[in-house]
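Atoms within a ligand are numbered from 1 in the order they appear, just like the ligands themselves.
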Amino acid sequence: MRLLFLGDIVGRPGRSAVIERLPGLRDRWQLDCVVINGENSAGGFGITEAICDEILNAGADAITLGNHSWDQRETLVFIERQPRLLRPVNYPAGTPGRGANLIDTRSGHRVLVVNVMGRLYMDPLDDPFAAVDRELETCPLGQVADAIIVDVHAEATSEKEAMGHHLDGRASLVVGTHTHVPTADHRVLPGGTAYMSDAGMCGDYDSVLGMQKEESIRRFLQKTPGTRLEPGLGEGTLSGIAVEADDRTGLAKRVAAVRLGPNLEETWPRFWD
Ligand SMILES: [Fe+2]
Ligand SMILES: [Fe+2]
C-alpha cells in the first residue's frame, strides 16, 4: 500500500499546488491513500465547504484539521455531513464532527485516519494519548484497518515523538503537523510505524509560515496593531511524507520525504519512480 500525507495547506498557493500536482502524483505513484491537513486552506484560516470539496476532488481521501478548525464558522455545520473531514479527536464531548474515521479509499482499502491535537503550548484539550488509544482499540491495524494514519497537530516535537513511540507497531504512520516547517527525521520506528515530527506545509515558502513576510516581520519589530496576516502570493510547494506499507500487516516498510516546488530542496520517493 502506498500512502501520501501532506502538511497544512496554506491559502491559495497551497491549494493551487495540491490541485495542480496531486492528480498526476496519484497516477504516477499509484497512491492508495492520500491525507492532507487543510486547517489553513481558506486564506490561512480554516476551511470552507467549497475548498474541502476542491481538495477531495483533487485526490485526497481525507482532510485533517487542527487549532484553526473553526476559523470559518460554516465548518461547524458542514463537517457533520462530510465524513472525510476530521477535526481533532480530543475536543470536548459534543464538539461537531468527528476526530477519526475508517475511510474507504478509491483503491478499495480501508484506512483509519485519526486527527489529534497536542497540549504543549496549545489549547488545553483532553488527553491526546488516551484519545488515540481509544480509536485504535476499536479498529486494530491489520484486522479492521488496512492502514492507520495519525495526524498529531502539535507544537512540541517532544510530544509528537512520544506519540510516535507510544503508537509504534499500532499505526502505519504517525506524522506531525502545525509548525509549517518540515523536519528531516522521517523514519520507520522499531515496531514498524512510519514517523515524521512535522510534515511541513503546502504553501508559499518565501514567507513566514506561509503568510506574507512584511506583516509577520513587523509584528516582531513593533508591538503595535497592524494589518491582517495574508497568505503569501508566490508559487506553492508541496511538503509531506510518502510511506510504503505492508499489504498484510499495514506496517511501514519504507518512507521518504516529499518536497515538490520552489524554495525548498526538492525530494520525492525514488523507490516509486
Ligand atoms: Fe497550520
Ligand atoms: Fe495549527
**Report entry** Cationic N near anionic O, under 4.0 Å, Arg218 to Glu214
**Finding:** no

Report task. Anything under 30° is parallel, anything over 60° is perpendicular, the rest tilted; go ahead and classify Trp70 against Tyr91. Result -> tilted

**Report entry** Cation-pi check, Arg270 onto Trp268 ring (under 6.0 Å, within 45° of axis)
**Finding:** yes

Requested in this report: Would you please name every residue forming a ring-ring contact (aromatic ring centres under 6.0 Å, His included) with His186, sequence neighbours left out?
Outcome: none

Query raised in the report: For the atom pair CG (Leu112) and CD (Glu135), what is the distance rounded to the nearest 0.5 Å?
Result: 7.0 Å

Query raised in the report: Under 6.0 Å from the CZ atom of Arg73, do we count more than 12 heavy atoms belonging to anything else shown?
Result: no

**Report entry** Polar protein atoms (N, O or S) that approach the Fe ion (ligand 2) to under 2.8 Å
**Finding:** Glu39 OE2, Asn67 OD1, His153 NE2, His178 ND1

